[in-house]
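These numbers come from the heavy atoms of this one structure, side chains and all, not from hydrogens, waters or symmetry mates. For this chain, numbers begin at 1 and follow the sequence in order. Each ligand, and each atom within it, is numbered from 1 in the order the structure gives.
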Amino acid sequence: MRIPLIAGNWKMHKTVHDAVFFAKEFRGLVKDLTGVDIVIAPAFPAVHAVAEALRASNVAVAAQDVYWEREGAFTGEVSAPMLADAGAEYVILGHSERRTLFGDTNATVNRKLHAAVASGLTPIVCVGETLAQRDAGETLVVLDRQVKESLDGVTGEQLSTMVLAYEPVWAIGTGRNATPDQAAEAHTHIRQRLRQWFGIDSAEQCHIVYGGSVKPDNIRPLATHIDVDGALVGGASLEVRGFADLVRKVIA
Ligand code: PGA
């Protein structure tokens, strides 16, 4: 049985000081909540400090990206063992901003994913179509390709602990969320593919969360569908009370 997961993706926001301030208040606001997995993804400099501030709480920390090599001459990159050591338990992979601005492809996402798993990090793998692809009727084909190639070489056992995030690119940061029916169609399709490719049990355990302009007032209709297991939240995760409110709504 999957319990919902809500992950806040802070993107390039918050200094270490601001991030820790948020974490300390947030842990108190959500400490009594059960039946939901809660994750915060700060920028790299704040990962360790936020993990410390959330120690022994019900909130886990994610990084927003990783490089696949363990160490070496890779200026500017951060490895999975470093992130695990810093206190991260999850890592977001293949976010559309990384795909469009920084050259991530399904192939690099796949390498990052295997590195993450080898270090005990849980990947949150982002997939989603652009508006042009949706308008051309290609949404499900695009999702198939992204899921298949990003998860190449993954075992059913590994898949069962992973998180996929369906994030239509046109809904990210635009205030225009997918309708509950659009999200449900994509999630149900992805879950069906996971059944085919990884087996029924693994597909049932893998989380598929929705992302794209999720707010406290639209999380309920989006996340009540059987195949929508929570949300990856950008802008609405930056304000502490609003984000705590959003988390509470998903289990209300
Ligand atoms: P948004 O971002 O909630 O601000 O649309 C979602 C995401 O990029 O993960």
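In the model, D227 has a side-chain atom that pairs as donor or acceptor with a side-chain atom of T188 under 3.5 Å. Between the side chains of Q64 and W10, not a single donor N or O lies within less than 3.5 Å of an accepting N or O. For the residue pair S202 and Q205, no side-chain donor N or O sits within less than 3.5 Å of a side-chain acceptor on the partner. Between E185 and Y166, the side chains place no donor N or O within less than 3.5 Å of an acceptor N or O (distance only, hydrogens not considered). Looking only at atom types and distance, the side chain of H189 has a donor-acceptor partner in the side chain of D144 under 3.5 Å away.
The shortest N/O to N/O separation between T174 and ligand 1 does not fall below 3.5 Å. For G173, a nitrogen or oxygen atom sits less than 3.5 Å from a nitrogen or oxygen atom of ligand 1, counting backbone and side chain alike.
None of K112, H95, R99 except one satisfies the side-chain hydrogen bond (donor to acceptor under 3.5 Å, both in side chains) rule with D104; the exception is K112.
Side chain of R55 to main chain of G87: no donor-acceptor pair is present (N/O by atom type, distance under 3.5 Å, no hydrogens or angles).
Annotation for ligand 1: atoms under 4.0 Å from non-hydrogen atoms of G212 are 5 (O). Against a heavy-atom cut-off of under 4.0 Å, K11 is close to the following atoms of ligand 1: 2 (O), 7 (C), 8 (O). Which parts of ligand 1 touch L232 is read off a 4.0 Å heavy-atom cut-off, strictly below it: atoms 9 (O). Against a heavy-atom cut-off of under 4.0 Å, N9 is close to the following atoms of ligand 1: 9 (O). Near A171, with a cut-off below 4.0 Å to any heavy atom, the atoms of ligand 1 are 5 (O).
Shortest contact from atom 8 (O) of ligand 1 to any protein heavy atom: H95 NE2, 2.6 Å. Of the protein's heavy atoms, G234 N, 2.9 Å lies nearest to atom 3 (O) of ligand 1. If you check which protein heavy atom lies closest to atom 9 (O) of ligand 1, you get E167 OE2, 2.7 Å. The closest protein non-hydrogen atom to atom 4 (O) of ligand 1 is G235 N, 2.9 Å.
Not close to ligand 1: G211, with no non-hydrogen atom less than 4.0 angstrom away. Ligand 1 lies out of reach of C126, whose nearest heavy atom is not under 4.0 Å from it. At least one heavy atom of S213 sits less than 4.0 Å from an atom of ligand 1.
The environment of CZ in F21 is sparse: at most 12 heavy-atom neighbours from other residues, nucleotides or ligands sit within 6.0 Å.
Taking all atoms of both residues into account, the shortest heavy-atom contact from L222 to A178 is CD2-O, 3.5 Å.
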